[in-house]
Every structure is written in C-alpha cells, then in structure tokens.
Amino acid sequence: MTSARAIAHPNIALAKYWGKQNGPGNYPAVPSLSVTLDGLATTTKVTLDDSLAKDIATINGQEVVGEPKERIVTLLGLVRAKLSATGETPAFCCVESTNDFPTSSGLASSASGFAALTIAADGAYGTQLPTDVLSDLARRISASSARSFYSDFVVLASGPEAPTGNELLAARPFAERASLPLEVLVAVTTEGAKEVKSTGGMNQTRDKSPVYDAWKNEAPRIFADVKAAIETKSFERLGEAAERSALLMHATMIAGGLVYWNAGTMEAMHTVRKLRAKGTAAYFTIDAGPHVKVLVEPENVRAVKAALESTPSVLRVLRATLGDGARLVS
Ligand code: DP6
C-alpha cells in the first residue's frame, strides 16, 4: 500500500478574506494576507488501498461524515483527476488526520487540514504537482488553505469577477518572518466547534448584510495598508490595519445576523485595548469563531500572555511564531 504523510500549519489572516465571487470555483471576492503559524499543526496520512470501495477519513480518530467528508472526497477527486490517463482507475484511500489544537472552531483547522491533505494526496498518488497548482486545488475547497502552502507572510489575490472556474489562483509568498518579527498569542475562549461554517457564514453575509458592499470596497484598501506596513517594517501600522480588517469583517457579519463572538471574545479584546492604552503594542484579530488572536512583538510576549491568562473567560493561551509552509514528512 502506498502512503504519504504531510504536515501543515494554520494561518491567520491579517487582511481578511470573507466573501466569494459569483460563479464556480470558490474564488475570493477580496484579497487577503496571512501569517503561517508554527506551534499548531495538522498531520495527515493518505494511504491508497485497493480493497476500499470508497474513500474513508478520520480526524483525531473520529470518522468524518456528511459535508466535511464530501469536501475531503472532492479534494481527493481533484488530485486524482491530475493523474495521467493510464486506463486504470486509481485506488480509493484512507485519510488519517490529527490536529494538535481545537478543530473547526475558528482556529483555521480547515486551512491546515486541506493543505496537509492536498500535499499527502499528491505524495500518495504520485502526481508530483507544483506547489502553486496544489495551492490552487486546495483553494477550491477552502480558500484560506491556499495560504498554508507557504511560509511566513503570504498573499492570496481576489479571484476574477466572473470566473469560469478554470482560472488558476494560488497564494504566493509575500515576505519572510525576519522582515517584521512578531508572535501570535491565541486566547482560546471555547473548546467547542463553531455552529456556522465559513462558507455558510459568507453566503448569509452576502444575502443579509446591508453593509456587505462597503466591506468589499474597503477590504482591498486595508490589504494594501497591511502590505505597506510589512514593507515599511511598522508593527503599529500592521496591528492597526489588522484590527480594522477583523472589526470591519465582524461588523459586516453581525449586520447580517451572524455573531461568532462569546463573552471571552469581548473580554480579550478589552484586555488588548487596555494593554495598548498603557503603552504595550498589542493588537487583536478574530476569525470565524470566538477566539482572539493577539499580535505582539517578541519582547512583549510574556506580559501580554499573562494579561490574557488572567482574563476571566479566557480558557488558555497558545503561543505561535511564524512558521513554514505545508510539506511532506514521509
Ligand atoms: C475568517 O477559507 O474557511 O478565516 O473558502 O468557504 O472554506 P471557505 O472559507 P475559509 O474562510 C476563512 C475566513 C477567515 C478569514 C481568512 O482566513 O482570511
């Protein structure tokens, strides 16, 4: 039996992606810029098995069923479609994935999960596709996962306005970690999975939020500001732009009736703002879940971590530095 194992890290967007272009192919409506994290990881093993009548998948030992399983099978189908025609039908496979952090709760487990799955499937099926093609395939299932193929600061452009579905859109590396040293502290505010997945949440926002167009117009400007902050090596400018991106994205969701926050989210945001008022440069960002990710310069990690840990509804605090892109490990 042929197998391959890959590791991938989640990424956290500083300039957020929220919303899709109309048409096929899961193309983002706005550009995004992320950091790939070290310290949190998904490891995925794909084993081809001629005796299987369908693909099977587990995450942390639990069988995956329903819509999450369909997304995995769709991705595997995209990789298998790249096999040169030999006349033989490729074998189905067994996917075993483990996350060392909460799954499906706004900690970007789908980003690391689909990046690791794509690399492991490419290894097991022997397709040997270039990284940009793998990033494009994964983007079709989970757009943020396209960014986890690359290290450090990574960009994903918006897609064409009327995509046919055939356009290649991969993420690309933007800058190395040394250009602007920072760490990310994750204030975990629940151990549970989120109730509304990103794709459904984006559709709800498009259909119900009266300020969705304002978000789509403003997001490219915030993206440009985040890029300029990295280029000019300004941590404060980066943090302010990242906070603006997260707040505008959540304001847009909330206006459409979608609230991902819990009490701990609000408390952690206030902790960060109080630290800043007292002169510590710390900035928050929040994804499609209730956890608060805090951007901090290395010298302030200890103080900011302690402040988050003493915030009553924060359950625990994870620490991550900037990390490497997804890769095969065996
Ligand atoms: C809030 O990549 O999970 O984390 O493409 O529908 O799978 P789909 O969405 P997904 O959305 C991530 C949204 C976000 C912001 C971001 O990572 O840019």
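Since the model is a prediction, treat every value here as computed from it, not as a measurement. Ligands are counted one by one from 1 in listed order, and the atoms in each one are counted from 1 as well.
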Are [X] and ligand 1 in contact, using a heavy-atom cut-off of under 4.0 Å?
X: Leu156; value: no
X: Arg71; value: yes
X: Lys197; value: no

With nothing but distance in play, are any N or O atoms of [X] less than 3.5 Å from an N or O of ligand 1?
X: Ser32; value: no
X: Ala13; value: no
X: Asn11; value: no
X: Ser145; value: no

At under 4.0 Å between heavy atoms, what of Ser142 touches ligand 1? The answer is both
May I have all residue pairs that pass ring pair (Phe, Tyr, Trp, His ring centres under 6.0 Å) and include part of residues 45-81, sequence neighbours excluded?
none
With heavy-atom distances below 4.0 Å as the criterion, list the atoms of ligand 1 near [X].
X: Ser198; value: 3 (O), 9 (O), 10 (P), 11 (O)
X: Met202; value: 9 (O), 11 (O)
X: Ser110; value: 3 (O)
X: Ala288; value: 1 (C)
X: Ile141; value: 7 (O)
X: Thr199; value: 6 (O), 7 (O), 8 (P)
X: Lys20; value: 5 (O), 6 (O), 8 (P)

side-chain contact (heavy atoms from CB on, under 4.5 Å) between Val294 and Val292, worked out
CA-CA 6 Å; Val294 182; Val292 177; 4.1 Å; yes
Looking at Asn22, I want to see if its CG is surrounded by more than 12 non-hydrogen atoms of other residues, nucleotides or ligands under 6.0 Å.
no
Using a strict threshold of under 4.0 Å (side-chain N to carboxylate O), is an ion pair present between [Y] and [X]?
X: Lys69; Y: Asp55; value: no
X: Lys82; Y: Asp122; value: no
X: Asp225; Y: Arg221; value: no
X: Glu183; Y: Lys305; value: no
X: Glu236; Y: Arg276; value: no

Best match, Tyr27, Trp18, Tyr17, Phe114: closest heavy atom to atom 5 (O) of ligand 1:
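Considering heavy atoms of Tyr27, Trp18, Tyr17, Phe114, the nearest to atom 5 (O) of ligand 1 sits in Tyr17.
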Checking heavy-atom distances from atom 16 (C) of ligand 1 to each of Lys16, Met249, Arg147, the winner is Arg147
Tell me, do Arg273 and Phe284 make a side-chain contact under 4.5 Å, heavy atoms counted?
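Yes, side chains in contact.
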Is there a donor-acceptor contact under 3.5 Å linking the side chains of Thr205 and Trp18?
yes
Quick one: side chains of residues 30-38, donor-acceptor pairs under 3.5 Å with protein atoms, not counting sequence neighbours, listed by atom name and distance.
from: Ser32; atom 1: OG; to: Arg147; atom 2: NH1; distance (Å): 2.8
from: Ser34; atom 1: OG; to: Arg147; atom 2: NE; distance (Å): 3.2
from: Thr36; atom 1: OG1; to: Tyr150; atom 2: O; distance (Å): 2.7

